[in-house]
Number of protein chains: 2
Amino acid sequence: MSRRSGVLEFAVLGLLRESPMHGYELRKRLNTSLGVFRAFSYGTLYPCLKTLVAQGWLTEETAPDDPLAAPLAGRRAKIVYRLTSAGKEHFEDLLAQSGPDAWEDEQFGVRFAFFGHTERDVRMRVLEGRRSRLEERLERMRASLARTRERLDDYTLELQRHGMESVEREVRWLNELIETERAGRGRAKGRPADQGRDDTDPTDTTT
Amino acid sequence: MSRRSGVLEFAVLGLLRESPMHGYELRKRLNTSLGVFRAFSYGTLYPCLKTLVAQGWLTEETAPDDPLAAPLAGRRAKIVYRLTSAGKEHFEDLLAQSGPDAWEDEQFGVRFAFFGHTERDVRMRVLEGRRSRLEERLERMRASLARTRERLDDYTLELQRHGMESVEREVRWLNELIETERAGRGRAKGRPADQGRDDTDPTDTTT
DNA sequence: TTCGTCATGTAATGGGTTACATGATTAC
DNA sequence: GTAATCATGTAACCCATTACATGACGAA
């Protein structure tokens with residue numbers, strides 16, 4: 001009945017904010033533009049769209065046989081979903097939230113992806129919340145490791161070490177982002193954490 | 001009815017292989033010894049244990065009131081689960097599998113955690129399978145990024161860059177592990193990928 | 001005309017959590 | 001005696017996938 005996913009709802013509203021789309025295209029965007037995340041199946045997406053329409057946040061616009069009615073993709077478009085003003089408002093509300101939900105693993109990615117539409121103080125709170133969440137996790141891992149280190153074999157140990165390093169690395173990343181935001185270079189232009197990297201050649205990254 | 005989780009089943013069998021335990025302790029172990037992974041709730045664990053008993057892989061041993069019957073933890077032990085020989089056999093079968101399932105995100109972690117009980121050629125196949133899986137993913141990310149780079153804002157771009165770097169980092173980690181295995185230092189002693197790190201003092205974490 | 005992609009959906013199932021219910025044991 | 005932790009379980013729900021069903025369009 002409800003089908004309230006959180007991440008999916010947020011991502012759909014955010015993507016439709018920019019331009020109306022039909023379900024099939026929406027799903028592709030979830031894999032590419034926002035593509036670092038999981039790809040939702042149609043069995044998830046379409047029912048979700050239905051409920052968003054029922055909530056009054058989207059409208060369905062059917063473009064049945066008229067080829068002139070679908071100039072967007074150049075091809076047939078069956079059901080185009082458009083964000084209503086109520087939906088826009090709701091999305092703004094979601095964007096303004098900076099509570100614990102935004103720090104969780106599943107939510108944080110989408111939240112970050114729409115930072116371009118997010119107020120700066122909210123961005124700061126989300127980043128800092130995320131960081132302290134990860135630092136707590138790190139401390140728990142360290143404590144647990146200290147207690148059980150002797151009883152673990154090499155592979156288990158290596159796995160834990162690598163896991164902790166991954167978290168530590170994300171903390172460092174967040175630190176850079178927070179610093180950039182603090183310096184005021186994080187609005188919309190001037191890519192955050194720019195250190196002369198080249199996306200096509202990511203050598204010498206760690207070590 | 002079935003409640004066949006894959007990861008949980010594998011982890012439970014593997015943990016019980018070392019010593020019999022009751023459910024509560026089993027769950028703690030899943031968070032600590034194997035703790036890099038998700039923590040399963042009791043609502044998942046107990047039904048799972050029931051089905052494993054029904055399969056004949058575990059036996060329930062109730063130690064009702066006798067304090068002498070529970071020398072393991074020094075305290076009351078209600079239902080102790082013990083691996084049967086059939087269960088042991090089944091676990092060995094699972095350990096020997098090196099198919100695509102073992103390369104997926106959810107399975108790989110547990111598989112790696114039990115590498116100490118895994119044959120060397122199986123370890124190699126799993127590691128290499130995992131690596132090529134990640135390299136495919138990386139290529140898809142690169143292709144998608146090349147197609148959509150111009151249309152993306154700074155934050156989305158930064159998110160993708162960080163995501164790709166994470167995957168690249170894991171590939172490098174796998175490369176080290178594979179090299180170590182190949183050199184023959186990966187059996188049980190001689191910790192893999194040892195580069196003079198010290199687990200107890202992971203300073204230089206932040207900046 | 002057949003194949004690949006576009007496009008939309010539904011029913012069954014899977015895998016897991018939350019909230020709840022219960023009660024024993026230990027420590028204070 | 002009361003709070004925390006140990007210990008076991010169940011029912012209701014949640015989120016999402018899989019498999020299936022349907023069909024239109026474009027290109028070979």
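Since the structure is predicted, the reported quantities are computational estimates derived from the model, not experimental observations. In what follows, chains are A, B, ... by sequence order, proteins preceding strands, each numbered from 1.
In this structure, CD1 of A:Ile79 is placed 14 Å from C1' of C:dC6, rounded to the nearest angstrom. Atom C1' of nucleotide C:dT8 and atom NZ of A:Lys28 are separated by 15 Å, given to the nearest angstrom. Per the geometry, OH belonging to B:Tyr24 stands 14 Å off C1' belonging to C:dG23, to the nearest Å. When rounded to the nearest whole Å, the span between CD of A:Glu61 and C1' of C:dA7 equals 17 Å. The separation between A:Glu60 atom CD and C:dA7 atom P is 16 Å, rounded to whole Å. To the nearest angstrom, C1' of C:dC6 lies 14 Å from CG of A:Leu45. As rounded to whole Å, 14 Å separates atom P of C:dG16 from atom CG of B:Leu49. Counting to the nearest Å, the C1' atom of C:dT8 and the NZ atom of A:Lys78 are 7 Å from each other.
The aromatic rings of A:Trp173 and A:Phe108 lie perpendicular to each other, with more than 60° between the two planes, well past the 30° mark.
Comparing D:dT8, C:dG9, C:dT8 by their closest approach to the side chain of B:His22 singles out D:dT8.
By the side chain to side chain donor-acceptor pair (under 3.5 Å) test, B:Arg147 is found to be paired with no residue, residues two or more places apart in sequence or in another chain being considered. With sequence neighbours excluded, no residue satisfies side chain to side chain donor-acceptor pair (under 3.5 Å) with B:Thr148.
When the side-chain nitrogen and oxygen atoms of B:Tyr42 are compared with OP1 and OP2 of D:dG9, none of them lie within a distance under 4.0 Å. Between A:Thr44 and D:dA16 there is no side-chain N or O to OP1 or OP2 distance below 4.0 Å. Side-chain N/O atoms of A:Tyr46 include none lying less than 4.0 angstrom from OP1 or OP2 on C:dG9. OP1 or OP2 of C:dG9 has at least one side-chain nitrogen or oxygen of A:Lys50 nearer than 4.0 Å.
Remark: B:Arg27 is positioned above the aromatic ring of B:Tyr42, its terminal NZ or CZ atom under 6.0 angstrom from the ring centre and at most 45 degrees off the axis.
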